[in-house]
Amino acid sequence: MHITVEKLAKAYGLLWALRDITLALKPGEFVAILGPNGAGKTTLLRILAGLVSPTAGSVKLDGATLSHGATALRTKIGFLTPADHLYDNLTVSENLYFFTSLYHQQKNSHAIDQALQQVNLADRADEYAANLSSGMKCRLSIAKWQLLEPELLLLDEPYGVLDGSGVDVLEKFLQGQCAMGRIIVVASHHVSRVLKLSSRAVILNRGRLTFDEIKQQPWPNFDKAFGEFLPQGEIWRS
Amino acid sequence: MHITVEKLAKAYGLLWALRDITLALKPGEFVAILGPNGAGKTTLLRILAGLVSPTAGSVKLDGATLSHGATALRTKIGFLTPADHLYDNLTVSENLYFFTSLYHQQKNSHAIDQALQQVNLADRADEYAANLSSGMKCRLSIAKWQLLEPELLLLDEPYGVLDGSGVDVLEKFLQGQCAMGRIIVVASHHVSRVLKLSSRAVILNRGRLTFDEIKQQPWPNFDKAFGEFLPQGEIWRS
Amino acid sequence: MALLRESYLLLWKDLLLELRQRDSLLTMFFFGTLLLFVFHFSFDPAPEKVAEMAPALLWLAFLFTGTLGLAQLFQPERENHCLDALLLSPVDRGALFLAKSCFNLVLMIVVEIVVIPLFWILFNLRSWNLLPQLFLVTLLGTIGFCVLGTIASAITLRARARELLLPLVLFPLMIPVILATIRCMENVLRTGEFGDAIPWLRLLLSFDVIFLTVGVLIFDRVIEN
Amino acid sequence: MALLRESYLLLWKDLLLELRQRDSLLTMFFFGTLLLFVFHFSFDPAPEKVAEMAPALLWLAFLFTGTLGLAQLFQPERENHCLDALLLSPVDRGALFLAKSCFNLVLMIVVEIVVIPLFWILFNLRSWNLLPQLFLVTLLGTIGFCVLGTIASAITLRARARELLLPLVLFPLMIPVILATIRCMENVLRTGEFGDAIPWLRLLLSFDVIFLTVGVLIFDRVIEN
Amino acid sequence: MAQVAIKKRKGILGALAFVAVVIGLFWSLVIAPPDAYQGDVQRIMYLHLPSILTAYLSYFLVFIGSGMYLWKREKRDDLLAHSAAEIGVLFTALTIIEGSIWGRPTWGVWWTWDARLTLTAILLLIYVGYLMLRSLIEDENRAASAAAVLGIIGFLDIPLIHMSVYWWRTLHQPPSILRPDKAPWENVHPAMLTALAISFVGFLLLYFYLLSMRYRLGEMREEIRARRLDRGA
Ligand code: HEM
Ligand SMILES: Nc1ncnc2c1ncn2[C@@H]1O[C@H](COP(=O)(O)OP(=O)(O)OP(=O)(O)O)[C@@H](O)[C@H]1O
Ligand SMILES: Nc1ncnc2c1ncn2[C@@H]1O[C@H](COP(=O)(O)OP(=O)(O)OP(=O)(O)O)[C@@H](O)[C@H]1O
Ligand SMILES: [Mg+2]
Ligand SMILES: [Mg+2]
């Protein structure tokens, strides 16, 4: 899927959350979105996901816009936020069953068990989602999108709550998706993790796109551009 | 404040979230709580905060237990979770005003503005908390506890959503508190960040306390004990 | 048909959440009984008067449960941004509307099925033979209520002061439904047949149809930011 | 006194949130007026007949409207684990109880102040001069309702099928209040004074006092962990 | 060992209850004379009164148990309250059923809105609500404390309900046993009194037998859970 973002802008009240963002994403790209708090990362992802309508500019997915009732298009978009989008009082497996069915990809219990195996939640299949630990919730969301395999997968700060093995699971999944030509967009503050896999980095600051390059080794431009957003003393070299 | 945790255990249904945990915390200690997803970190913090009552064992704060109406004791305990404990439809400053007053430490608008300055949210003082970005919410919580300065501050995964400057703010605050003899307990997956400041590391696994040592340089025991919880390939040396 | 399959799925989810256990049905039952007790304490009615009060009392009970249901209708979606999860998905917004209305409808119908016979027993009314007609009227009225109520509560879902005006406009629309149903019931209870209440019935029917279609059509506009 | 200051603070918060969002007030108004219409359409408003039913009708309206309010009472605390935030704080649970009861009381009084005159107009009752006494009775009853209701909604806070369980638990306990208020009102409306309804008034008063104290005393055991 | 002893004691209690109930039935159905006005139907009273009184007793126990639980947070108090509530509901339902059976011939209706009848029905509703509340809350600690609160409030409310309902209306059988002006034995046939007394004792024994069984059941549930917990870990 080809994505073109043109002069995108989003204003909340008197505040520009995003200002003329222009981007073009090709199949197989793994884009890291970086930037300080309030830069507009989440807003950008939500606009790409069609959850927020832009104030100006356009987002085109294969030339089509995510307008009302573009349901066919929506099957191709995935949005992973660690804690959200799960029904507290449905069990783990019920959640997966419900959402896969919602995407017209009803899965049998076998497929669901397998997905849970991969994120090793199999033993918690009948637990209410509310009773999972934060990292387990994130794993559950991963399982969900593993089952649905969207063309475009947006992730908002996925590393925060995951432990080591969780990170492994996620990275394996994302790499696989990239290899299959899917587009991955990850917004995160965990530079080292996200840059490990990404093929391209975008830096937002106060709603403006200040940096957008294909990854390279070494990467002086990036080090320079991102330097100011690192904690004091923490130096980071690509 | 001295904290002694004796043979603490918590069971949820048929699952032990925590099993005979024994800990003793002295003033000025900065304890890092590490461990895989579902290890019981959050549960431990919640029990320390008196939000969850243990199934067995006891938690003593200066010899007293957090029983009903131990309100005096509660003023000394702080619990920081990045996204929670904020009223969506109160503004940033209203939230601070409300919570400080709740702790009998009513602050005038000047003090509140200052606190917001320090986490640089001053310009968003009149924004609804719901409208803040995830990192800003975390900053707001930091401001809240900066104003209240509890004897015991518990933090659950604070680094996830913070950007570089946010991390600086937080670490400066925590160091200051430690220096004043307050106890800091941080549960996190971000080993490098949390170990940078901590004076002691505790590792939980499946509800059991598997490691508890004062920090040292170098720290082979820790490297060995924590090695298994790191993502593949990622090696980490104290 | 996709729309129906999706609605069914969403309805399944809501019912599952609501009736996690049979208890809920029991709850309904005792709830119904309770209402009648309360009624009886409020106006302890003379048997002959009960018959003419019946429509009002019954509707009182139904409105109460209905509104309780509406107030909580989108509760599951409010938690964990699950509404976003639904809007993100390709599910037809019309299906969402249908599911929610049906959910509330089911809730109310269960209560009605409990309350009406209980009412007849506890206030020992004789006219059992009229129950079918009454059920029909009630059903039509209930559908109208649920349909309109769902739209209204979807609006109030994320409402700030401004949008709140709309439900204030919507709610008065409920009055025709209530008027119609009560007139019908009275007529049935008095004369034993619909007779000259037929026009009211037609009104009800057209009301239901109109707002059902309107709902399915405009719901995506209503519910998206 | 600390308890009162804390209660005031919490009340201020709740009122602020309510004024910002207004969803409780809105549903309550909507429901209250709907009820009046139900009554209006179903009982032909012949003043002499209505006068004797008025107490029951009014009080039922308040009871149900109040229950709607209760169903939403802890909504703000349910978001972002704010209840935890309160339990974490040193605030006296009794204050929490007082604040919530008062909040619900305020909501109901607002509704009542609107509904009662509307009622008088709709059913063109003559006895405007009696409104003060009626308000007094209503107030006493409402206090009792809010006090017990707050406890009820606190204990059903984390229950499934909450919205039905709440009235199920609450109404049987409310029967003294219902009976007392209605009898008082009847007496006032008939004789123009309290007269031999005084014992009912005393009953009401003692009900309020008893459960207010009980509430303040045991509320910290009601909501925790 | 202790287990066995407890079992034995229970067995004895059960046997006693059985015997007492049988004797009571015999006395009330055979020995006691039929009622002057109502004839044999009146014999229902020998079940009717004891059952409601035991119901009252168990609601009192609910109150005690709840109070103790909120105070001490001991699981057993909660268990006591829970058991008492269940059995109380049972006996209340019994009373209503007996009463209805009695009412059909004597009043000509199954149910009337007489004060005492209504009161009983309300009691039933309150404690059914109590059981509902328990079953609808996931976390057992929360369920316990919530129920305990209801147990206390409900019991405190009973006198008020009683009063209001009585003022509301009374056409129920005027108190013939507990009458203030006369001592019981002066206005009722002694055989009736003894019958009533015996069946009352029988009901009491039966009640405590059931209670202890229910209590034990709860304990066993806990033990099983504990065992499975340990095996799980
Ligand atoms: C559903 C029907 C009935 C219910 C729920 C019911 C309930 C009760 C209750 C709660 C009591 C104990 C009251 C107290 O001691 O405070 C009672 C006592 C009694 N009932 Fe009933 N009753 C019912 C029907 C009847 C009928 C039909 C009769 C006989 C005509 C009857 C005769 C009595 C008598 C003689 C007593 C003992 C009076 C006393 O307290 O000395 N009951 N009943
Ligand atoms: N619903 C909203 N209403 C008003 N302002 C909003 C809303 N959502 C976001 N904003 C504002 O838009 C800006 C960008 O928010 P966003 O969440 O995109 O930042 P972010 O890059 O995700 O920050 P973080 O790294 O902390 O998550 C912030 O200033 C925020 O306050
Ligand atoms: N309310 C609850 N009911 C049932 N089980 C629970 C509940 N809360 C937590 N658990 C279980 O207790 C265990 C520990 O949970 P906890 O949240 O403490 O883990 P954690 O160390 O915080 O994990 P993470 O790093 O993912 O946050 C998990 O298996 C979780 O499923
Ligand atoms: Mg963000
Ligand atoms: Mg955690």
Side-chain angles (χ1 to χ4, degrees), chain A residues 12-13 15 17 34-43 81-84 119-121 123-124 127-128 131-139 156-172 187-193 196 205 226-234 236, chain B residues 12-13 15 17 34-43 81-84 119-121 123-124 127-128 131-139 156-172 187-193 196 205 226-234 236:
Chain A
Y12 287 112
L15 171 134
L34 300 156
N37 293 139
K41 302 183 291 299
T42 302
T43 309
T81 54
D84 293 346
V119 296
N120 53 50
L121 275 180
D123 52 334
R124 313 303 295 273
E127 186 83 65
Y128 288 121
N131 297 348
L132 295 179
S133 80
S134 52
M136 290 170 163
K137 281 183 184 152
C138 185
R139 287 164 180 264
D156 195 357
E157 201 52 72
Y159 299 110
V161 296
L162 285 174
D163 64 1
S165 69
V167 172
D168 292 334
V169 169
L170 179 62
E171 293 187 336
K172 187 156 147 298
S188 174
H189 293 288
H190 205 315
V191 193
S192 49
R193 285 262 165 79
K196 200 173 104 195
N205 192 6
F226 193 73
E228 57 175 311
F229 304 129
L230 287 168
Q232 279 164 4
E234 216 169 288
W236 187 83
Chain B
Y12 286 112
L15 172 133
L34 300 155
N37 294 139
K41 301 183 292 298
T42 302
T43 307
T81 53
D84 293 346
V119 296
N120 53 49
L121 276 179
D123 52 333
R124 313 303 297 274
E127 186 82 64
Y128 287 126
N131 296 348
L132 295 180
S133 80
S134 51
M136 289 169 164
K137 280 181 184 155
C138 185
R139 287 164 181 264
D156 193 359
E157 199 54 70
Y159 299 110
V161 295
L162 285 175
D163 64 0
S165 68
V167 172
D168 292 334
V169 170
L170 179 62
E171 293 186 335
K172 186 155 148 296
S188 173
H189 293 287
H190 205 315
V191 194
S192 48
R193 285 263 166 78
K196 200 173 102 194
N205 192 6
F226 194 74
E228 58 174 311
F229 304 130
L230 285 170
Q232 280 165 2
E234 214 167 289
W236 187 80

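First the proteins, then the strands, lettered A, B, ... as listed; each starts at 1.
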Proximal component of A:Leu15, with respect to chain B [non-hydrogen, under 4.5 Å]
side chain
Tell me, side chain or backbone of A:Tyr159 under 4.5 Å from chain B's heavy atoms, or both, or neither?
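Neither part.
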How about A:Phe226 and A:Leu34: do any of their side-chain heavy atoms sit closer than 4.5 Å?
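When only atoms from C-beta onward are counted, A:Leu34 and A:Phe226 do touch, with a gap below 4.5 Å.
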Within the 4.5 Å heavy-atom criterion, are A:Tyr12 and A:Thr43 side-chain neighbours or not?
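With C-beta onward as the side chain, the pair touches.
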Could you tell me whether the side chain of B:Asp163 and the main chain of A:Asn37 form a donor-acceptor pair under 3.5 Å?
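Here the side-chain-to-backbone pair exists.
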When heavy-atom pairs shorter than 4.5 Å are enumerated against chain B, which of [options] gives the highest number?
options: A:Gln232, A:Lys41, A:Glu157; answer: A:Gln232
options: A:Met136, A:Glu228, A:His190; answer: A:His190
options: A:Gly40, A:Ala17, A:Gly35, A:Gly38; answer: A:Gly38
options: A:Val167, A:Leu162, A:Thr42; answer: A:Leu162

The criterion is salt bridge (Lys or Arg N to Asp or Glu O under 4.0 Å); which residues satisfy it with A:Lys196, sequence neighbours excluded?
A:Glu171
Considering residues at least two apart in sequence or located in another chain, which fulfil the side-chain contact (heavy atoms from CB on, under 4.5 Å) criterion with B:Asn120?
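So B:Asn120 forms a side-chain contact (heavy atoms from CB on, under 4.5 Å) with B:Arg139.
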